[in-house]
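Naming: A, B, ... by sequence-line order, numbering from 1 per chain.
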Amino acid sequence: MIKIDRVSKWYGPVQVLKDCSAAVARGEVVVVCGPSGSGKSTLIKCVNGLEPFQKGTITVDGVSVSDRKTNLPKLRARIGMVFQHFELFPHLTVRRNLTLPQVKVLHRARDGAEKKAMQLLDRVGLRDHADKFPGQLSGGQQQRVAIARALAMDPIAMLFDEPTSALDPEMIQEVLDVMVGLARDGMTMIVVTHEMGFARKVADRVVFVDQGEIVEDAPTADFFAKPRSQRAQLFLSKILQQ
Amino acid sequence: MNYHWNWAIFGELSPDGIHTYFQTLLLGTGWTLTTAACAWVVALVLGSLVGVLRTTPFPWAVRLGNAYVELFRNIPLLVQMFLWYFVVPEIVPRGVGNWLKQLPDASFYTAVVALGLYMSARVAEQVRAGTLSLPRGQRLAGLAVGLTLPQVYFYVLLPMTYRIILPPLTSELLNTIKNSAVALTIGLMELTARARAMQEFSFQVFEAFTAATVIYIVINIVVTFAMRLIEHRVAVPGYLGLKAPAAGH
Amino acid sequence: MFANFDFDVILRSLPYLFYQGMTFTLLLTALATLGGIVVGTLLALMRLSGVSFLNLPAAAYVNLMRSVPFVLMIFWFYFLVPYIGQWITRSPQPLQVGAFASCLITFTLFEAAFFCEIMRAGIQSIPRGQVAAAEALGMTYPKTMGYIVLPQAFRNMVPVLLTQTIVLFQDTSLVYVLSVTDFLGAASKIAQRDGRLVEMYIFAACIYFLVSLGASHLVRQLQHRIAIIR
């Protein structure tokens, strides 16, 4: 469903992605991990064209992201993205955060959009907060709303860019629970995260990125049991010490 | 377009019989710069004083400073100039009033006073903002070492304040130069007044105003450049300045 | 000193001062503010567009307006607008625009430069993540700007925009140089006709003072209520 083929990206003279290749099948959950600055966030942002890349191709459901003829907004509407800092629209209520994209991008009728919004808020456990503003919610609540907002577009795949990194520890679990639910329901997901517990629970594969390269790409069990590269081993040992 | 262009008008003699139009514009520029410079001195001195007053721990001083700023900020510059030029000579004791009315270059002195006081309120704002942006510990450290409050201001706070507010002060200096044009209403023959006079007598509207515009732009560039040089010269190594809010005009 | 202060002249001329003068002033202020914000926002978008073809002319215009005295610009537009009108409507004579129209055009276009800088600061203060989130949802540039960025930028900049309006209100007094009858012009006419400069100018100063002070006060109160909690 998502094919990343020999993608390279430069910021000026610095090469931040080096010949990265990976594939995500429908219904697969892939966790991307690696040290900070490794390029994992950049890589995931290339998938929906938020970051341009100079070499290689990425295709989502057959549509090439970098092709000039591709209608990017249309493609992006089919891919959901959840950001590290939630990025809810602070001047809109929770309800409107969910309905605005449906109405303005997907051109759905207002009633249908509202119904879907409430359905999704129910699913993430925040039905009673529909008319609050993001500033009145906790971080964990905001992130769950952000997931609902992405789901409201009925995406074929979801991208998560460090969804729990900006949360206080006691709120991480509520967000992970929602994500586990999504995975179990068969959503195709790419998740950049440090939460190895989550990876072990629902990820089908783990991709390890370091210094712009995909160093390892293995089924979850194999990755944790016997990581092949030394860098991955080092990384795991540091992370799992907690 | 029916307009008749004549760029040679600058070389022609103006109605006063002595100067070419170009020379009258230069004379006007001289008056603009002199008025602005003198007004700026007034503005800096008074504005710093009032700005400092507003940051002292004495409520009466703060209130006085605030009243000063509100007074000069809420009355249009033109109205202030009229007050100084037309009203003040009438309401002071007769002797002083008569002397004022007979002063040669009365419009110059009036413009300097009016413009200086108007801009001093804005300088006071900048000085206050700059001083308040300094870490509170600076004042305490100065006092702890035994300096009196005036000394703390003079040796510790104000040196940094002025460096921080150099960019917005540059803005205010440019505003002073631009606002000097308002004095044409009380008879000061500065640059804009000269351009207007040239337009009235020669009917070469666009040549006259283009020349004035170009001169103002050049002044702008020179002053901005000079202030930036000063900024570099006095910058403290390793200190990142404050981004002060944008001023009106 | 104030023995001869003639309050009567003020009372007598109140209708003229306010019906003729103040309405002109307030109308000019209101319309120029609206027009200025619209044009200013457009200019700000041009400057932030990254396209040189749009960026450079907008930047040049804004810098020009900010380098030159307002009074000079008032004269410029007063003489220029008839010729531009002639060129647009292809009439044989320069177009005669009324005093109010000429002033309105001047003030709108001049203040637009300042509103541009305010809106530019406002738009740039919106975190990049907001744009990323909007784009990730499939919004195009116009939708992102219209629904997400500009509403927030406006809300943040309302106090500064209103302060600039108060500056505009005071600047309307400069139409004096064209002998137009705004509030100050009206006061001046009475002053010269009745020989009562002291009374009229002091009165005018008081009115400007009270209106500006009152308005600034309201803006400060508004600032507290309108802040978007992030």
Side-chain angles (χ1 to χ4, degrees), chain A residues 41 44-45 47-52 71-93 96-107 132-137 139 142-143 145-146 148-155 157-162 166, chain C residues 37-38 40-41 44-45 48-53 55 115 118-162 219 221-230:
Chain A
S41 275
I44 202 177
K45 290 204 191 108
V47 174
N48 66 351
L50 283 184
E51 289 278 358
N71 185 337
L72 266 184
K74 214 160 164 219
L75 178 63
R76 286 174 182 153
R78 302 170 64 208
I79 309 174
M81 185 159 207
V82 176
F83 297 83
Q84 183 177 354
H85 295 287
F86 336 132
E87 300 301 349
L88 292 181
F89 304 131
H91 60 303
L92 305 173
T93 58
R96 194 102 163 97
N97 259 277
L98 266 63
T99 56
L100 180 82
Q102 293 183 66
V103 173
K104 298 296 175 188
V105 178
L106 297 178
H107 305 292
K132 291 204 180 145
F133 285 92
Q136 297 171 293
L137 302 177
Q142 288 188 53
Q143 194 62 302
V145 172
R149 179 178 66 177
L151 288 174
M153 310 292 277
D154 287 323
M158 292 274 281
L159 307 174
F160 292 82
D161 185 7
E162 303 215 38
Chain C
I37 293 181
V38 168
T41 306
L45 289 174
L48 291 172
S49 68
V51 178
S52 287
F53 171 67
N55 182 4
F115 284 122
I118 294 174
M119 287 313 296
R120 204 157 70 97
I123 293 173
Q124 286 178 317
S125 74
I126 305 297
R128 302 264 87 223
Q130 289 287 296
V131 177
E135 288 184 341
L137 287 163
M139 292 195 202
T140 55
Y141 179 79
K143 292 198 175 107
T144 305
M145 278 293 147
Y147 293 113
I148 306 302
V149 177
L150 287 180
Q152 293 187 59
F154 259 112
R155 287 279 281 274
N156 289 345
M157 288 292 129
V158 157
V160 190
L161 289 173
L162 286 177
V219 171
Q221 303 225 346
L222 192 68
Q223 220 163 337
H224 292 303
R225 299 163 115 233
I226 211 171
I228 302 179
I229 326 151
R230 284 200 180 275

Exercise. Excluding sequence neighbours, so at least two apart, what forms salt bridge (charged side-chain N to carboxylate O under 4.0 Å, His left out) with Glu162(A)?
Worked result: Lys40(A)
For this session: Identify the two heavy atoms, one from Val105(A) and one from Gly138(C), that lie closest to each other, and give their separation to 0.1 Å.
Result: CG1-O, 3.7 Å
For this session: Pick one of side chain, backbone, both or neither for Leu106(A), based on which atoms fall under 4.5 Å of a heavy atom in chain C.
Result: neither
Problem set entry | Option that, when pairs with chain C are counted at under 4.5 Å, heavy atom only, ranks first among Asn48(A), Leu50(A), Leu75(A) | Leu50(A)
Exercise. Any side-chain heavy-atom pair from Phe89(A) and Leu137(C) closer than 4.5 angstrom?
Worked result: yes
Exercise. Do side-chain atoms of His91(A) reach the backbone of Tyr147(C) as a donor and acceptor pair under 3.5 angstrom?
Worked result: yes
Exercise. Do Pro90(A) and Gln152(C) touch side chain to side chain, with heavy atoms closer than 4.5 Å?
Worked result: yes
Problem set entry | Side-chain donor or acceptor of Glu87(A) paired with backbone N/O of Gln130(C) under 3.5 Å | yes
Exercise. Could you name the residues of residues 78-85 of chain A that have a heavy atom within less than 4.5 Å of a heavy atom in chain C?
Worked result: Ile79(A), Met81(A), Phe83(A)
Exercise. Counting distance only, does the side-chain N/O of Lys104(A) pair as donor-acceptor with the main-chain N or O of Met139(C) below 3.5 Å?
Worked result: no
Problem set entry | Test item: Leu72(A) and Glu135(C) side chains (from C-beta on) under 4.5 Å apart, heavy atoms | no
